[in-house]
Amino acid sequence: MSALDHKDTAEKTGLDVLQAWDGAAIILLDLDAFFASVEQLDHPEWRGKPVIVGGDSERRGVVSTCSYEARTYGVRSAMPSVQARRLCPDAIWTPGNFPRYIALSKRVMDFMLEESPFLQQVSIDEAFMDISPGRFVKDHPILIANRIREKVATLGITCSIGLGTSKSIAKVASDMDKPNGLTVVYPGREAAFLAPLPVRTMSGVGRQAAKRLHAYGIETLGQMAAAEPNILKEIYGKNAEMMRNRCLGLDASPIETETEVKSVSNEMTFSTDLLRRDEIEQAVALLAAKVGRRLRRKQLAGHTLSLKVRYPDLSIRSAQRTLSQAVDDEQVYTPVLRELIDEVWEPGCGLRLVGVAVSGFGQRPEQMSLFDELPQPASGKASATRPPNHGLVEATDLVKNRFGEDAVRFGREFRFAERDTGTIAQKKDDYKDPLHPLENH
Ligand code: TTP
Ligand code: MG
């Protein structure tokens with residue numbers, strides 16, 4: 001049975017009596033041409049036209065994404081803007097509006113959470129969710145998927161959903177009928193669904209792996225599932241059997257609802273390099289405050305402080321310090337970060353970027369150093385070190401929670417507000433493939 005048959009099944013089942021769903025049910029929702037669709041929503045005059053969200057071609061920018069109209073000209077994500085301009089000279093260009101994309105993304109995730117608590121968001125526009133019929137979820141998975149699609153449509157954008165018994169099936173299925181499609185792979189149909197598809201369709205089969213598979217005449221996932229063990233071993237090492245299982249639709253990787261936070265960080269790139277120590281200290285203090293606020297919001301306190309800088313030649317240096325007590329208050333840790341400046345910077349050097357991170361949330365080191373006089377937490381999660389005037393930070397947090405990020409700003413924040421470049425920097429994590437501890441192999 002081909003993928004299209006499954007699509008038909010999905011469409012028909014909306015009307016007919018639904019076939020019982022026996023087993024796990026996982027969906028992957030992916031918004032269609034996300035940033036570009038939001039731009040077309042917000043600028044009605046751009047609808048039906050090629051729209052490109054991306055960086056300036058004069059400044060060696062790249063395409064973030066583009067509308068489906070622009071895709072017909074061959075424009076793609078991550079393409080150099082110069083090339084995109086050549087392919088589609090009449091396109092409408094926009095640098096994008098990241099806060100707006102985040103707000104809409106959050107609305108979509110909230111719609112999903114109305115259906116099941118087992119959500120794993122993997123990028124700004126993509127999330128897995130476990131909707132296996134059971135204790136938390138009562139309705140048929142197809143009803144749930146359609147309900148989510150309808151709610152997303154009320155926002156003025158569309159999504160595509162893949163539904164199957166595992167994450168890898170849901171992921172492959174979500175791509176089969178874009179935009180605005182629902183592709184269902186019923187339990188027991190996994191291997192047949194995957195068999196005719198090109199190997200590249202599967203998470204974990206990158207360009208290099210595909211090349212090597214092609215050299216053995218392996219073009220489809222069915223052929224890959226039936227490949228000689230040695231071939232998969234040569235390409236995937238100890239992950240060979242896991243990959244074979246994936247090709248058979250036997251992937252068992254669970255939904256990871258709580259992506260464990262490993263560090264909280266913030267960085268700024270400056271339109272003109274920072275040259276003076278006082279400027280660098282101010283940048284560090286501003287970033288430290290932002291990180292502190294996020295730590296407190298997440299109720300995290302960490303032991304390790306990191307300072308990262310990038311020089312005009314784009315090289316990076318960083319320095320770390322581990323404290324005996326967990327910290328979440330910038331009044332406590334900014335002085336330490338200031339000391340770290342000397343480890344990464346010398347007078348006369350320009351800095352293009354400064355970054356601050358707090359990590360080490362779990363550990364409780366034996367050794368006391370910086371805050372020897374403070375009591376160690378007795379047990380459980382490390383509690384944070386608090387200075388006498390911690391109340392000021394808490395009061396500021398409260399006002400910002402209520403009235404927004406700009407409600408309270410210290411003098412130092414104004415000085416830098418106009419200097420960062422305002423580029424839309426997506427966290428690398430946003431693109432990580434949730435299924436692939438394999439890509440590095
Ligand atoms: P994708 O889901 O990969 O792309 P998309 O939503 O634009 O298109 P599709 O219909 O094929 O799903 O990425 C989601 C958003 O992330 C995308 O709208 C823009 C952003 N993005 C980048 O900024 N750079 C990139 O290289 C990619 C792939 C995405
Ligand atoms: Mg998308």
Side-chain angles (χ1 to χ4, degrees), residues 7 27-43 46-57 59-84 87-88 91-109 111-112 120-129 145 148-149 152-153 155-162 167 170-183 200-201 203 206-207 269 421-436 439:
K7 182 190 155 197
I27 55 170
L28 186 275
L29 174 149
D30 188 327
L31 295 167
D32 300 320
F34 180 38
F35 294 1
S37 303
V38 177
E39 294 305 327
Q40 289 181 320
L41 171 68
D42 292 349
H43 303 90
W46 293 355
R47 292 178 197 166
K49 297 190 177 156
V51 173
I52 299 178
V53 181
D56 200 329
S57 57
R59 290 166 57 189
R60 284 181 289 157
V62 293
V63 172
S64 275
T65 193
C66 59
S67 65
Y68 281 86
E69 294 83 359
R71 291 180 197 197
T72 61
Y73 293 82
V75 181
R76 294 285 177 270
S77 287
M79 177 181 277
S81 299
V82 181
Q83 190 183 349
L87 287 170
C88 187
I92 297 157
W93 284 74
T94 169
N97 179 355
F98 212 55
R100 170 90 170 120
Y101 309 146
I102 290 178
L104 275 176
S105 164
K106 175 144 194 335
R107 298 279 302 275
V108 172
M109 298 304 144
F111 288 149
M112 293 184 80
Q120 179 184 357
Q121 186 172 356
V122 287
S123 80
I124 189 165
D125 84 329
E126 204 176 326
F128 287 106
M129 192 163 69
I148 294 171
R149 289 170 69 212
V152 171
L155 300 175
I157 53 178
T158 58
C159 65
S160 296
I161 295 183
K167 278 163 77 171
K171 169 84 181 155
V172 173
S174 74
D175 258 340
M176 302 298 305
D177 187 25
K178 256 183 169 298
N180 199 12
L182 168 63
T183 302
R200 278 286 263 138
T201 330
S203 300
R207 206 170 332 132
T269 302
T421 53
T423 24
I424 293 175
Q426 277 223 307
K427 276 186 283 156
K428 265 219 212 85
D429 280 356
D430 281 355
Y431 296 110
K432 82 174 177 234
D433 174 349
L435 295 164
H436 91 301
E439 206 71 21

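Order of appearance sets the numbers: ligands from 1, and atoms from 1 within every ligand.
- Using 4.0 Å as the threshold, R76 has no heavy atom nearer than that to any atom of ligand 1.
- In this structure, a donor-acceptor pair under 3.5 Å is present between the side chains of S160 and D32.
- The closest approach between any non-hydrogen atom of P179 and ligand 1 is not below 4.0 Å.
- Looking at F34 next to ligand 1, an N or O pair under 3.5 Å apart turns up.
- Considering V53, D125, T65 only, the shortest heavy-atom separation from atom 6 (O) of ligand 1 involves D125.
- S67 places a side-chain N or O within 3.5 Å of a backbone atom of K49 that can act as its donor or acceptor partner.
- The shortest distance between side-chain heavy atoms of I92 and E39 does not fall below 4.5 Å.
- For the Mg ion (ligand 2), protein N, O or S atoms under 2.8 Å: 3 in total.
- Other residues, nucleotides and ligands contribute at most 12 non-hydrogen atoms within 6.0 Å of the CZ atom of R107.
- At least one heavy atom of Y68 sits less than 4.0 Å from an atom of ligand 1.
- Considering backbone and side-chain atoms alike, R71 places an N or O below 3.5 Å from some N or O of ligand 1.
- Not a single heavy atom of E126 sits less than 4.0 Å from an atom of ligand 1.
- A donor-acceptor contact shorter than 3.5 Å is absent between the side chain of N180 and the backbone of T158.
- Classification of the F98-Y101 ring pair by plane angle, with boundaries at 30° and 60°, yields perpendicular.
- Counting non-hydrogen atoms of neighbouring residues, nucleotides and ligands closer than 6.0 angstrom, the OH atom of Y73 reaches no more than 12 such neighbours.
- Counting only distance, with no hydrogens or angles, the side chain of R71 and the backbone of R76 share no donor-acceptor pair below 3.5 Å.
- Any N or O atom pair closer than 3.5 Å counts here, and L31 shares at least one such pair with ligand 1.
- At distances below 3.5 Å, at least one donor-acceptor pair connects side-chain atoms of S105 with backbone N or O atoms of I124.
- Residue contacts with ligand 1: F35 is placed with a nitrogen or oxygen under 3.5 Å of a nitrogen or oxygen of the ligand (distance criterion only).
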